[in-house]
Enquirer: 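Could you have a look at this structure, given as structure tokens, before my questions?
All values below come from the heavy atoms of this structure, side chains included, with hydrogens, waters and symmetry mates left out. In what follows, chains are A, B, ... by sequence order, proteins preceding strands, each numbered from 1.
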Amino acid sequence: MSDRTTPRPAQDPGAPGADTGPGAAVTALPGTPPPVKARPGALRGAAAGPALRRLLPLAQVHSLGLLVVLVLLGVVGTTTSGNFLTGDNIVTILTGAAVIGVITVGQTFVIIGGGIDLSVGAIVAVASVWCTTVATQSHGLAGMLFTAVVVGAAVGLLNGLLIAYGRIVAFITTLAMMASARGVAERISDRQSQVVTVDSFNRIATDKFLGIPLLVYLMAAIVVLGWLLLNRTTFGRRTFAVGGNPEAARLAGIAVRRHTVLLYLLSGVCCGVAAVMLTARTTSGASNLGNLYELDSIAAVIIGGTLLAGGRGSLVGSILGVLVFTTITNIFVLNNLTTDIQEIAKGLIIIAAVLLQRFQGARSPA
Amino acid sequence: MSDRTTPRPAQDPGAPGADTGPGAAVTALPGTPPPVKARPGALRGAAAGPALRRLLPLAQVHSLGLLVVLVLLGVVGTTTSGNFLTGDNIVTILTGAAVIGVITVGQTFVIIGGGIDLSVGAIVAVASVWCTTVATQSHGLAGMLFTAVVVGAAVGLLNGLLIAYGRIVAFITTLAMMASARGVAERISDRQSQVVTVDSFNRIATDKFLGIPLLVYLMAAIVVLGWLLLNRTTFGRRTFAVGGNPEAARLAGIAVRRHTVLLYLLSGVCCGVAAVMLTARTTSGASNLGNLYELDSIAAVIIGGTLLAGGRGSLVGSILGVLVFTTITNIFVLNNLTTDIQEIAKGLIIIAAVLLQRFQGARSPA
Amino acid sequence: MRGITKVFPGARALDGVDLEVRAGEVHCLLGQNGAGKSTLIKVLAGAHQPDGGELVWDGEPVVLSGPTAAMRHGISTIYQELDLVDGLSVADNIFLGHERARFGLTRRGETAAAARGLLRSLGHPEIAPGTGVGSLSPAQQQIVSMARALSHDTRLMVMDEPSAVLTQDEVGNLFRVVRELTARGVAVLYISHRMAEIRAIGHRVTVLKDGRTVAAGLPASTPTAQLVALMTGREGVYDFPERPGAAGAGERAQVLRVERLRLPGSFEDVTFTVHAGEIVGLAGLVGSGRSEILHAVYGALRPASGTVTVDGKALPPGRVTAAVRAGVGLAPEERKSQALFLHDSVVRNVSVSSLSRFARFGWLDRGRERAAATARVTELDLRPADPYRAVRTLSGGNQQKAVLARWLLRGCRVLLLDEPTRGVDVGARAELYALVRALADSGVAVLFVSSEVPEVLGLADRALVLREGRVVHEADAASLKESDVLDLVMEGSRP
Amino acid sequence: TSNSTDDGADQAGVTADRPAAGSAGTPGKHVTIGFSAPAADHGWMAAITKNAKAQAGRYTDVSFQAAEGTNDVNAQISAVQTLIDRKVDVLVVLPFDGKALTSIGAQAMDADIPVVNLDRVFDNSLAYRTWIGGDNYGMGVNAGQYIVRTLKAKGVGKPVIAEIAGIDNLDLTKQRSQGFKDALAKAGFSVSIRQAAQFTADSGQQVMSNVLQARSKLDAVWNHDDDQGIGVEAAVKQAGRSEFFMVGGAGSKHAMQQIKADSGVLKATVVYPSSMSASAITLARLIGQGKGVGDLVEQEVPTSITLFSATVTKDNVDQYLPTSFT
Ligand SMILES: Nc1ncnc2c1ncn2[C@@H]1O[C@H](COP(=O)(O)OP(=O)(O)OP(=O)(O)O)[C@@H](O)[C@H]1O
Ligand SMILES: Nc1ncnc2c1ncn2[C@@H]1O[C@H](COP(=O)(O)OP(=O)(O)OP(=O)(O)O)[C@@H](O)[C@H]1O
Ligand SMILES: [Mg+2]
Ligand SMILES: [Mg+2]
């Protein structure tokens, strides 16, 4: 039950439970994509005990590695800047992560389900612009919320229908949608930022509860809901199945196409909610909002351990990924680094984070 | 999610001999199961008549569809603008396609080989900046060319090593490289445009032969070389194998990792060449060159019929994809459309092009 | 090979295996599913590095650092899992890794000619070297795999269940090739779960059990019962279960009724019924349309015309979900691509079709799910009995059991089985037969496809014989003889 | 009023020798200035960041705290928030989008951190203490007026005028185009073709090469940005066209050198001063120290300073070359 190529400290063969200490929680990444596909042996190093594997879903083991990365970043932040470990700063990081966090929840579902959504940023833009038109604002808070979410849902639905029933590759469909939706946003807004005049709407971003902005609670709520949906419902289970092997899912009686539509719809709704948050935060809607959010969210999902090919992944990982990126940015600002250094460092940190997760996974047997 | 819901076009059972031209050498006997099998939708779109499918490799049928799209675009261009069908304009389109075309050659190899390269734009930037530093320019034309290509190759090599031996997912590696390489470009250039003072270098973009700019010949040469490499050499065969079934490739004795490194190296070299072309075209090197070229090139590859998952694809398709995108832009400008309309239309045209290819594929039986 | 060990995370696949193969002999490797046969041959092929033991080749100890090293020594392998690249042509696949090329440029004419020659020598001139492998049937792909193995200059040919996807006449072809090889002094290591084949072609037999050699170099004439006992460690009779009296068939309710089902190019005018508690077998050649009929019944393929009724209600054509809801289940022929979520656990694979049963408003009761799935898995004696193991790491036979467990859990009215015993060992086979019988006895209508005629005749109550997409004969299985079926399948019209 | 004598001395000295450097000579109370601007992804914006930093470096009583440049308003809000958390004394903010950063500006003001709003204007004057910036509309007007004058002088009746705009979904691009259009309209002219590039040389080249195909004869071109102008000029050269003249925008060194050499189509550029960030730092310091602007009689820094978009031609290029950005 273990890897003999590297002699491990002698183990009592009679005690398979030896692996199940708390330390073993970080063991092995059997679920990690063998990055070079050709190597089934690639994972030989990972020696998780079956007992352990039962306790922790594979994805969570991966997330633990990311948590270590986050802690390390925290250490770096604290040592380089006295301002890092203050309540205010933590709240700033979390608030900064809120919008992209919500988008990433949807993106995680889509990617686990075997797709990809390049249009998230554009959906945010069009939803934000639409909900801040003068006509919409005249309906007050409720009208604006409703519009943003419905617009997001509608664009997501359209994505889903084109992909599932039009049978156009997700990459192309959402790429096209990325262009078109942003074009629509520009058209509606005439390329001007539209200021929000409904005060209760802006309060979404300014109101706090126990010193923490509503936005953070909102993100937390959506992450928790997303986690439950992914891990505790039939919908989530089917998402894994559809992404892992669509043909097998179909033959197992899952309505693959309908499910695919729902996944993009879900992503669209998340973008609608994110648009509300972003619009409230910026107190205005604009067609250039959410630029490149697609890359940010996909990067967070992938670094969080979800397979780009679908079928395996973790929402917790994705959110940790978002937090890692937001924290990196925050540390940069605190340390007054210039943009070029920041970018170089960002690349290095991403690579280091991935390697660290691996390392963390490989050496941790109790 | 399968082609099975649409009944296959009826075949003429009475005329088996109809197939027996020279092309029929590749014909399967009646009773040979055509490919309904479980292929999860890979070729779903292409329901070409079996006879035709036998004559032409699938990729080529797909390219045919794209050619039709291109012709249709030409018709639209000609009817909406008198300036479209002039020699000068065709040359402008081709020249406009040259840079991204060369990048797409490398990207096609990488994607067929099962990877992805998000760093192409950044590689172009860093190669362009490096080859236009004062120190480099002092070595004249040869020094600049050499620098650009070597820088491109070096970054590509680094990508490949990290992916193949560091076993970091291609998406993450090249995303990190995208940030880092652009950071390096900014650092080197101090974010200033560096004007090229070597006149012979700029002549790469201005010199013409038979009225056609050198750039176009250069692209054509690279495309032809790329096509030969992909379709007529062991390297090309192995690229398909590595992307299509890495495990099978390994069992067949192919050095999968080394091959992967070579693919990214190749992409890096293409970016280096593209950097030369772009720098000569803009007569300057700058760290913001090649912005979003990764999306453009990937989109061209995918619309050209290459599977994002690897293993299947066509270089001709990719280049047609590039031409489609360049032609769309040209038509927009000729008709002086506003940006928002352009973006909306671009999305619609992409979708239409894909659907048209499908239609074209479906109705083309010999 | 001496004392070879191989350890996977969580599984000790090989635990000191000894094997000795002589030139010019056909050496058969026997063992239950998961005994370690495939792992052993992968070590031999250089695809896995052993964790212990030693390999002796021509009297010299060797280390095979990779597939290329093995090939250099003249070891070529046909793997159990089809190891072809879909995107490449037949010829390219055959010569992958040792392309006919000069300065890196492929010589396409020469490659095609050589490929054509190899395919012809295998009795399959109809496979064109230029076709994409992805468009071939599994059987044809198997031929291509064989051609690839033959394309090397071979001294030891390893064949991992080459006959699994072949029908009987093609197995004959395979044997001819094997005999030609041995006549040239090539050694053949042959793995199969079909005892008859081993008896027909093998010279000596080595039996593996739980990663250990339990008997080496037995003569091929060793009685089946003794071999099976060695493999399983148990004595017992392995045979088809008793058929209940044929009498009841008429009175029992019709469950599945297929009428004038037609899909041009695949099958024509197919009409039959299956009653509750009845097992109907479909016999036919590869490519005769059997899988397609099952798919059409299941709604995975939309037929051009015709109806499928279950319990008197017509199923909407081309809708799998409706069929599943009506109580139809399918265990498809290609487990890996069509049935399994390879990276998921056994539990998840088993429960995927019955999720709503354990859910309330979409909310999963995972405890119940786990208990129910585990119960089915235990019932089927799936090994290793770890419901959280990723299905990918199970042996072929156990993967098949996982698929069956899925439908067992769901509880079907109609069960469609496509080559259910492909790659399943003798012991497990008998268990599967008993299981299918038991299901039928509980009132399920079973329709199954098999390329092994004895299986059709032994397990089914009634058999349909298919040729080129048409039902050419229908009869009580008991009244048919193997040779009759073979004749029907080949020529069609003879009674 | 209490420190008016100090101020007086200070200002007098400065005006005498280094007008641009403000009151560099006499250190006052220490001021920490937080600075946030969009990503320095093209020449003008890079110059903004650089000039601000350089200016801060000139003062011994200023520490400079810059936040990451980003084109994502959400991230910029977080960056400014971080600066507020750090309790800087004064903030200088060039927002990616003025309206989007209004609320964070107001928040800073509420936290008693004066905000110097640089260039792109906040939506609400309560959100900043002082605004200093360029005049995008005026820039378009000046470009238009130069073109009108030149064409009239040449006696061109129905000119074909092209406009290569910058990134099209920025407010400032819209304002520039509006000014240009209005100025042309006064003379009865109009823009014949308008296409947007991305402020980068490659996009400028790509767009211009297509525009040259769309109009086989042009009389005048206004290109919003000299950085993308490098590509625009390259496209003109590569097409071998020279029948028109071109006006640039922003005022890069390269453009001014071209104008001075008078070797190509570029005849003028309308400046959008990148030195404004240095002035903003100076203002921020003065605000932080509670001083007024030298030479002005006011005791406080004014709330709004609009910079002039000068039209640089061959005749006056020497005057502007030193303040051009590279
Ligand atoms: N992908 C396909 N496209 C078109 N026709 C197909 C395809 N696959 C199979 N067919 C046709 O369907 C018929 C039946 O093929 P199928 O593989 O289902 O046969 P089978 O009897 O199940 O054989 P096997 O033993 O290989 O499962 C063949 O005659 C073949 O012509
Ligand atoms: N990649 C792997 N990771 C973990 N365990 C594995 C892996 N491959 C095989 N095993 C385990 O090794 C054991 C031997 O498997 P192997 O495939 O060699 O069996 P087999 O004798 O070929 O069976 P079958 O007759 O079903 O093909 C099984 O218990 C299997 O679960
Ligand atoms: Mg096996
Ligand atoms: Mg079949």
Side-chain angles (χ1 to χ4, degrees), chain A residues 33-40 42 116 118 162 164 166-169 171-173 175-187 190-191 245-251 256-257 260 287 295 298-299 302-303 307-309 339-351 354-355 358, chain B residues 1-2 38-41 44-45 114 116 118 162-164 166-173 175-187 190-191 242 246-247 249-250 254 256-257 260 287 295 298-299 302-303 308-309 339-351 354-355 358:
Chain A
V36 169
K37 291 186 233 157
R39 302 195 60 247
I116 194 160
L118 295 177
L162 282 169
R167 290 183 286 126
I168 307 177
V169 196
F171 190 92
I172 291 289
T173 306
L175 185 82
M177 190 57 79
M178 167 171 137
S180 287
R182 210 170 273 284
V184 169
E186 289 181 14
R187 190 127 197 94
D190 198 16
R191 279 179 244 125
N245 187 345
E247 175 69 2
R250 188 177 77 100
L251 291 179
V256 175
R257 290 204 250 188
T260 304
S287 59
L295 268 188
I298 296 171
I302 304 293
I303 211 176
L307 271 194
L308 192 53
T339 321
D340 45 4
I341 300 285
Q342 286 178 20
E343 299 204 330
I344 298 173
K346 198 165 177 171
L348 295 179
I349 293 177
I350 295 174
I351 297 290
V354 176
L355 287 177
R358 164 109 32 81
Chain B
M1 278 257 186
S2 104
R39 309 284 94 250
R44 245 181 272 149
I116 195 159
L118 295 177
L162 283 170
I163 292 165
R167 290 182 286 126
I168 307 179
V169 195
F171 190 93
I172 291 289
T173 305
L175 185 83
M177 190 57 79
M178 169 170 135
S180 287
R182 211 172 273 284
V184 169
E186 289 181 7
R187 187 126 198 95
D190 200 15
R191 280 179 242 125
V242 167
E247 177 63 9
R250 190 179 76 95
I254 295 173
V256 175
R257 291 204 253 182
T260 305
S287 57
L295 269 188
I298 296 171
I302 304 293
I303 211 176
L308 193 53
T339 321
D340 46 3
I341 300 284
Q342 285 184 21
E343 300 204 329
I344 298 173
K346 194 165 177 176
L348 295 179
I349 292 176
I350 294 174
I351 297 288
V354 175
L355 288 177
R358 164 111 29 86

Enquirer: How long is the gap from NZ on A:Lys346 to CZ on B:Arg182, to the nearest 0.5 Å?
Expert: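 Here the interatomic distance stands at 13.5 Å.
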Enquirer: If every non-hydrogen atom of A:Ser180 is compared with every non-hydrogen atom of B:Gly347, which pair is closest and at what distance?
Expert: OG-CA, 3.2 Å
Enquirer: Which one of B:Ala249, B:Ala185, B:Gly183 has the most heavy-atom pairs closer than 4.5 Å to chain A?
Expert: B:Gly183
Enquirer: How long is the straight-line distance from CZ of B:Phe171 back to CG of A:Leu295, given to the nearest 0.5 Å?
Expert: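 That separation rounds to 6.0 Å.
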Enquirer: At a 4.5 Å cut-off on heavy atoms, which part of A:Leu308 comes close to chain B: side chain, backbone, both, or neither?
Expert: side chain
Enquirer: Counting only heavy atoms closer than 4.5 Å, note whether B:Ile254 contacts chain A via side chain, backbone, both or neither.
Expert: neither
Enquirer: Measure distances from A:Ile116 to the heavy atoms of chain B and classify the residue's part below 4.5 Å as side chain, backbone, both or neither.
Expert: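 No part of A:Ile116 comes within 4.5 Å of chain B.
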Enquirer: For chain B, which of A:Ile349, A:Ile350, A:Leu251, A:Ile172 has the most heavy-atom pairs under 4.5 Å?
Expert: A:Ile172
Enquirer: Could you state the interatomic distance from CD1 (B:Ile351) to CG (A:Leu162), rounded to the nearest 0.5 Å?
Expert: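 Here the rounded value is 5.0 Å.
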Enquirer: Quick one: side chain to side chain contact (heavy atoms under 4.5 Å, CB included) partners of B:Glu186, sequence neighbours excluded?
Expert: A:Thr339, A:Asp340, A:Glu343, B:Arg191, B:Ser287
Enquirer: Name the region of A:Ala299, side chain, backbone, both or neither, that has any atom closer than 4.5 Å to a heavy atom of chain B.
Expert: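 Answer is both: backbone and side chain atoms of A:Ala299 are under 4.5 Å from chain B.
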Enquirer: Find the one option among A:Leu118, A:Leu348, A:Ile298, A:Val169 whose heavy-atom pairs under 4.5 Å with chain B are most numerous.
Expert: A:Ile298
